[in-house]
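All remarks here apply to the structure that follows.
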Amino acid sequence: MSEVFEGYERHYSELSANLSRKCTAASALNGEQKKQRISEIKNGLDEADNLLRKMDLEARSLQPSVKAMLLAKLREYKTDLNNLKAEVKRISSLSSSQVAREDLLESGMADAFSASNDQRGRLLMTTERLNQSSDRIKESRRTMLETEELGVSILQDLHQQRQSLLHAHKTLHGVDENVSKSKKILTAMSRRMSRNKWIIGSIIAALVLAILFIIYFKLTH
């Protein structure tokens, strides 16, 4: 498993437990203290959302077998976070008097809320673009690593083929030397055979002449 993912996971688990305790404490508060505690919880929820996005990016950059397991765990964490958000929404419900005061302030704060929403939208779009860029960079890095591994494999195959060719060349060179030696031996044998033929022919001719001489000698005497 990725150590980066495990780090995010530990951080999220601690943050989730802390937010759960704060929700329990906030449900017992009233007035300004309750608002302050809810504000802290919402900040923690934003941080938790950010952690889950990072965990999602890290999980998707890993091998398929590991990625499937981590994404399943990530879905459980998202469900847990949604439950926390629902709990915060429940305990932050305002009394009728608080709603009335917010209605009075709403007209004066409408422009500020609109600007805040626009800024939030721009921030979300920027974050999404950054996440997409990060995904593309990780995908390019993965492709580069796969290409590098393929190149190394091809070089190894070429090296093995070169070794095989060198071995075959040495073998052929040895065969050529043996053929040359055999040719020399056969040539020498052929010469010896020719020389032996001449010797035998000379001996036979000498014997024939000797026989003829003996016959002639006997006939004349």
Side-chain angles (χ1 to χ4, degrees), residues 1-95 98-99 102 106 109-149:
M1 186 182 294
S2 170
E3 293 182 358
V4 176
F5 188 92
E6 289 180 347
Y8 291 149
E9 188 178 21
R10 286 194 298 270
H11 189 184
Y12 175 80
S13 298
E14 294 172 358
L15 182 59
S16 176
N18 188 29
L19 290 175
S20 180
R21 288 193 296 269
K22 286 184 177 181
C23 287
T24 302
S27 61
L29 299 176
N30 291 312
E32 193 63 28
Q33 291 181 344
K34 185 175 183 179
K35 288 183 179 180
Q36 184 177 358
R37 185 56 60 89
I38 290 174
S39 178
E40 294 175 0
I41 295 171
K42 288 181 177 180
N43 289 334
L45 291 175
D46 290 339
E47 183 179 356
D49 270 329
N50 188 38
L51 279 173
L52 292 184
R53 283 195 294 270
K54 290 180 179 179
M55 291 165 69
D56 185 78
L57 288 175
E58 179 63 21
R60 293 181 187 279
S61 68
L62 301 175
Q63 296 178 351
S65 58
V66 179
K67 179 173 70 175
M69 179 183 67
L70 296 184
L71 289 178
K73 294 179 69 174
L74 188 59
R75 284 192 293 271
E76 295 178 0
Y77 293 145
K78 287 181 179 179
T79 301
D80 174 68
L81 183 60
N82 288 332
N83 291 336
L84 284 175
K85 289 179 179 179
E87 179 66 14
V88 172
K89 186 176 181 180
R90 184 185 66 80
I91 64 176
S92 61
S93 58
L94 302 174
S95 63
Q98 288 175 322
V99 172
E102 287 184 358
E106 185 177 358
M109 297 296 292
D111 293 339
F113 286 151
S114 177
S116 177
N117 288 332
D118 290 341
Q119 290 177 354
R120 181 178 177 83
R122 285 194 294 271
L123 287 173
L124 290 174
M125 290 177 62
T126 302
T127 302
E128 184 177 358
R129 291 194 193 99
L130 289 174
N131 291 336
Q132 292 174 354
S133 298
S134 178
D135 288 340
R136 286 194 294 269
I137 290 171
K138 289 182 177 180
E139 182 66 22
S140 299
R141 182 173 178 271
R142 185 181 63 81
T143 303
M144 181 185 66
L145 291 175
E146 290 177 352
T147 304
E148 183 180 356
E149 290 177 356

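All figures in this text were calculated on a predicted structure; none of them were measured in a lab.
- Proximity of a side-chain donor or acceptor of Ser16 to a complementary backbone N or O of Ser13 within less than 3.5 Å is not detected.
- Rounding to the nearest 0.5 Å places NZ of Lys22 at 14.0 Å from NZ of Lys42.
- Using a 4.0 Å cut-off between charged side-chain N and carboxylate O, Glu139 and Arg136 make no salt bridge.
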For the pair Arg90 and Glu87, evaluate salt bridge (charged side-chain N to carboxylate O under 4.0 Å, His left out) and give the outcome as yes or no after the intermediate values. CA-CA 5 Å; Arg90 184 185 66 80; Glu87 179 66 14; 2.5 Å; yes
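- The closest donor-acceptor contact from the side chain of Asn50 to the backbone of Asp46 lies at 3.5 Å or more, if one exists at all.
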Derivation and outcome, salt bridge (charged side-chain N to carboxylate O under 4.0 Å, His left out), residues Glu14 and Arg10: CA-CA 6 Å; Glu14 294 172 358; Arg10 286 194 298 270; over 6 Å; no
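- When side chains are defined from C-beta on, Cys23 counts as touching Val88, because their heavy atoms get closer than 4.5 Å.
- Side-chain N or O atoms of Thr127 include one that pairs as donor or acceptor with a backbone N or O of Leu123 at under 3.5 Å.
- Side chain of Tyr8 to main chain of Lys54: no donor-acceptor pair is present (N/O by atom type, distance under 3.5 Å, no hydrogens or angles).
- Between Glu40 and Arg37 there is a salt bridge, since a side-chain N of the basic residue sits under 4.0 Å from a carboxylate O of the acidic one.
- Using a 4.5 Å heavy-atom cutoff, the side chains of Leu19 and Leu15 are in contact.
- At least one side-chain heavy atom of Asp80 sits under 4.5 Å from a side-chain heavy atom of Tyr12.
- Listed by chain and residue number, Arg60, Leu71, Leu74, Lys78 satisfy the side-chain contact (heavy atoms from CB on, under 4.5 Å) test with Asp56 (two or more places apart in sequence, or in another chain).
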Go through the steps to decide whether Arg142 and Glu146 satisfy the test side chain to side chain contact (heavy atoms under 4.5 Å, CB included), and finish with yes or no. CA-CA 6 Å; Arg142 185 181 63 81; Glu146 290 177 352; 2.6 Å; yes
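- Residues Asp49 and Lys85 form a side-chain contact, since some pair of their non-hydrogen atoms from C-beta on lies under 4.5 Å apart.
- At least one side-chain heavy atom of Glu58 sits less than 4.5 Å from a side-chain heavy atom of Lys138.
- Looking only at distances, no side-chain donor or acceptor of Ser39 sits under 3.5 Å from a matching main-chain atom of Lys35.
- Evaluation of the side-chain hydrogen bond (donor to acceptor under 3.5 Å, both in side chains) rule for Lys67 yields no partner, not counting sequence neighbours.
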